[in-house]
Structure formats: structure tokens, C-alpha cells
Number of protein chains: 2
Amino acid sequence: MAYRSTERVKARLSASRQRIIAAALEIMAAHGYAGCSVAAVAERAGLATGSVYRHFPTKADLFAEVFRTASQREVDAVARAAALETGVAERVSAVVETFSGRALQSPRLAYALLAEPVDPAVDAERLVFRRAYAELIAGYVAEGVASGELPPQDPDLSATALVGALAEAMVGPLAAGVAGRDTIPGLIAFIHRALGVSP
Amino acid sequence: MAYRSTERVKARLSASRQRIIAAALEIMAAHGYAGCSVAAVAERAGLATGSVYRHFPTKADLFAEVFRTASQREVDAVARAAALETGVAERVSAVVETFSGRALQSPRLAYALLAEPVDPAVDAERLVFRRAYAELIAGYVAEGVASGELPPQDPDLSATALVGALAEAMVGPLAAGVAGRDTIPGLIAFIHRALGVSP
DNA sequence: GCAAGGATTGAACCACCGTTCAATCCTTGG
DNA sequence: CCAAGGATTGAACGGTGGTTCAATCCTTGC
């Protein structure tokens with residue numbers, strides 16, 4: 001046994017894996033999921049098509065991880081922005097602004113993550129994405145209900161509906177590439193009313 | 001020229017076309033879009049695969065029409081239910097109840113119409129579907145704003161967000177096959193608050 | 001430098017499914 | 001009953017793109 005995987009090799013493998021994910025993300029941001037053939041991802045990552053399969057058993061597995069990574073990044077950014085605020089109203093405003101601001105910054109990626117047709121296996125990951133948002137928001141809503149800032153309500157249902165409203169309202173602007181001047185403020189007002197933020 | 005298409009033939013052709021659409025709908029309701037190969041649709045409609053192409057140039061065209069038909073039926077049902085009511089609050093309640101009631105009645109079909117991964121060309125038809133709901137609802141909202149029943153707001157934005165909230169809140173229950181006892185009332189309360197229905 | 005064995009390559013493979021088309025069947029007017 | 005020509009059939013085609021694998025390259029420990 002003259003060959004035993006060493007640290008250096010492990011590091012290189014790990015780097016390859018990361019490069020694959022990064023390449024997939026870049027292609028998604030440029031050409032959407034539709035442009036993400038395994039061959040294209042491999043080429044951009046600087047390795048052969050077959051090598052991708054050393055790291056991921058199937059394309060769906062690869063993109064499940066890509067979606068997970070990208071989603072986590074988005075949710076984290078939103079959570080970070082919301083954490084800077086105090087009070088439900090302000091936090092929710094931060095959520096909407098951060099979410100829509102980032103989406104409009106990379107509309108192709110946002111579309112891919114939110115709505116583009118993908119493999120069912122990858123689609124499942126999308127549910128996780130939306131669920132993560134919903135859970136984040138449900139926490140704020142629950143706090144608001146507890147503090148009396150909001151009227152009694154099911155925080156999870158409200159959060160889920162809120163995520164749906166947010167996503168749906170962004171689909172049009174994402175397709176157009178820009179949002180109207182009043183879209184974001186209008187959406188915030190809608191959502192504040194929906195949660196029962198007192199005026 | 002001994003052969004000239006006669007009424008009887010035209011009727012038979014038209015009947016075939018209808019059978020194809022009906023077969024596609026039935027398969028969608030049973031196995032989702034994923035189960036809808038052209039061969040399967042043809043078999044259920046009682047004709048050969050190739051004959052489908054006498055009626056529709058491509059599969060995408062066929063399913064665009066299938067989606068259009070099914071969507072129209074749904075929107076009509078919702079509009080009919082809403083028309084029986086007076087006042088925005090009641091109409092919106094009817095919308096939510098009818099929409100979710102029908103969706104839960106045929107969850108597989110509802111999932112296909114709302115969220116299942118499909119060809120981009122068919123996906124476009126889905127946008128039309130959601131747009132139709134939004135426009136219906138925007139009309140009620142505009143009336144409500146005009147009559148003073150609702151506070152000032154962009155009816156189209158509110159309606160779009162409302163449709164998103166409704167669809168998102170239904171995805172979970174659709175996957176589960178049933179909605180919790182409080183889901184529909186909770187959703188109606190959320191939406192009433194969002195529109196600014198006075199309590 | 002060498003043998004062992006994992007990593008890498010990329011062209012070939014293959015499954016799936018939408019689509020086509022030559023053969024056949026049916027309908028029509030005479 | 002016949003000929004013309006559209007309708008129907010369903011097996012075969014073909015394009016796409018995910019997946020595989022025999023050949024080759026590298027890395028490791030001695």
C-alpha cells in the first residue's frame with residue numbers, strides 16, 4: 001500500500017468540490033438553472049465532466065447543495081439585517097428590503113432560486129429555502145405577539161403567507177429587472193397591515 | 001376530389017381534441033405533470049401517439065391549452081363564489097374558501113397547476129393563471145378602496161401579494177393532503193388585516 | 001525510481017421522450 | 001364499388017444531456 005490519501009490531497013479534493021459549487025452558482029447567476037449542464041459546470045470549475053461525479057453522485061445532489069448554499073447565504077443576510085433592528089415593524093421592513101434588494105441585485109439567480117423550473121429533487125430544496133425564511137420570520141412574529149406589539153395570530157401561518165406574498169410580488173419585478181418606485185414601500189405597508197402592526 | 005371534410009368529420013376531430021385535453025387533465029390530476037408523457041395522454045384518449053400531433057404542434061402547446069382550460073375553470077369558480085357576496089371582506093373570504101376548498105379536493109392537480117416543475121413554455125401559462133386571479137382580486141380591492149371600505153393602496157400590488165400568500169400557505173397543506181382546522185380561518189384573518197378590512 | 005492505487009480525463013454510452021412518416025385505414029362524392 | 005385524399009397508426013428516429021469507464025496521470029511511501 002504505497003498510496004494513502006494525505007492532507008494535501010484531501011485539501012485539493014475539498015477545493016475542487018468548492019470550485020464546482022462556486023462554478024454552478026456563477027453559471028446560475030449568469031444563465032439560470034437552464035444553463036447549468038454538468039459539462040458547463042465542470043468546464044468552468046476547470047476539470048473534466050466525469051470528475052464532478054467524484055464529488056456528487058448525481059446532478060440533482062450537486063444542485064441540492066448549490067441551492068442549500070445559496071439559500072443559506074440569503075437567509076443569513078436577511079437575518080443579519082433584521083437583527084440590527086428592534087421591534088417587529090422595523091425587523092419586517094428590514095426583511096423585505098434586504099430580500100428584495102438582494103434579489104434585484106442578482107435577478108437571474110433570484111429567479112432560479114425562487115421560481116425557475118428545476119428537477120423535482122432540487123425543487124424540494126427550494127421548499128427548505130422558503131421554510132427557512134418562514135421560520136426566521138415566525139420568530140419575529142411570535143416575539144411581537146408576546147410583547148403585545150401584534151394581535152394574536154398563528155406566527156407560522158402568518159410567516160408562511162408573508163413569504164408567499166413577498167416572493168410573488170417580486171416575480172414581476174425580477175422579470176422586468178427593476179421594481180417600481182412604490183413597490184417595496186407598498187409591500188412593506190401591506191405586510192405591516194397583515195401582521196397587525198399598529199399605525 | 002372525392003373527399004371533402006364534412007360536418008361529421010369535423011365533429012369527430014373536435015371530439016378527439018377535447019378527449020386529448022380531458023385525458024391530459026385526468027392524468028395530471030392522478031399523477032401530476034410528471035406522468036403526462038404524450039404516449040400516456042394518447043393512450044388514455046384512445047388514439048395513437050402520432051395523432052396527438054394532428055391537434056397540437058408540440059407537447060408544450062397541448063399543455064399550455066390544458067393549463068389554460070383548467071385555470072379558467074378555477075378562476076371562474078372563484079369568481080362565481082365571490083360574486084354571490086357583497087362587500088370586500090365577504091368576497092375575499094369567498095375567494096380564499098373556494099380556492100383552498102377546490103385545491104384540497106384535487107391536491108395533485110392543484111399542485112401541478114400551482115407549483116410543479118414544468119416546461120418553461122407551460123410555466124408561462126401559469127403566470128397567466130396567477131395573473132388572472134390577481135386581476136379578479138384587484139377589482140374587488142379597487143372597489144373597496146373606492147367605497148372607503150379599505151384604506152388607500154395599490155390594488156394590483158395588494159392582489160398580487162394576496163395571491164402569493166394564498167398559494168404559499170396552501171403548498172404545505174397540499175403536500176399533506178389536508179389543512180389544519182385553523183388554516184383557512186387564519187388565512188382569511190391575515191388577508192383581511194393585510195387589505196385593511198376594518199374589524 | 002518504483003510499484004500500488006487513487007484521481008482525472010473525456011469520449012462513448014444510453015435512456016428517455018418528443019417528434020416524424022411511410023403504410024394503412026376511412027370517408028366522401030360520383 | 002371506386003378512386004381520391006385526408007385521418008390514423010405506431011414503430012422508428014434523433015437530440016439532448018446525464019452518466020459511465022477504460023485509459024492515463026499523479027501521488028505516496030519505500
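Side-chain atoms are counted along with the backbone in the values below, which use heavy atoms only and exclude waters and symmetry mates. Convention: sequence-line order gives letters A, B, ...; per-chain numbering from 1. All figures in this text were calculated on a predicted structure; none of them were measured in a lab.
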Original post:
Taking the six-membered ring of B:Phe63, is the NZ or CZ of B:Lys59 close enough (under 6.0 Å from the centre) and on axis enough (within 45°)?
Top reply: yes
**OP:** Measure the distance from OH on B:Tyr53 to C1' on D:dA7 and round it to the nearest whole Å.
**Re:** 17 Å
Original post:
Any chance CD of A:Glu43 has more than 12 other-residue heavy atoms, nucleotides or ligands included, within less than 6.0 Å?
Top reply: no
**OP:** Could you tell me the separation between the CG atom of A:Leu62 and the C1' atom of D:dG17, rounded to a whole number of Å?
**Re:** 14 Å
**OP:** Starting at atom OH of A:Tyr33, determine the distance to atom P of D:dG17, rounded to an integer number of angstrom.
**Re:** 11 Å
Subject >> Value in whole Å for how far the C1' atom of C:dA7 lies from CD1 of A:Ile20 >> reply: 12 Å
**OP:** Treat primed atoms plus P, OP1 and OP2 as sugar-phosphate and everything else as base, then score nucleotides 8-17 of chain C 5' to 3': B for base contact with protein heavy atoms under 4.0 Å, S for sugar-phosphate contact only, - for none.
**Re:** BBB-------
Subject >> Over all atoms of both residues, closest heavy-atom pair of B:Ala89 and B:Val197 >> reply: CB-CG1, 3.8 Å
Subject >> A:Lys10 NZ to C:dA7 C1', straight-line distance once rounded to whole Å >> reply: 15 Å
Original post:
For B:Gln18, does the CD atom sit with more than 12 other heavy atoms under 6.0 Å from it, leaving out its own atoms?
Top reply: yes
Original post:
Which value, rounded to the nearest 0.5 Å, describes the distance between B:Arg193 atom CZ and A:His192 atom NE2?
Top reply: 13.0 Å
Subject >> Residue pairs passing the salt bridge (charged side-chain N to carboxylate O under 4.0 Å, His left out) test where at least one lies in residues 14-42 of chain A, sequence neighbours excluded >> reply: A:Arg17-A:Glu65, A:Glu26-A:Arg44
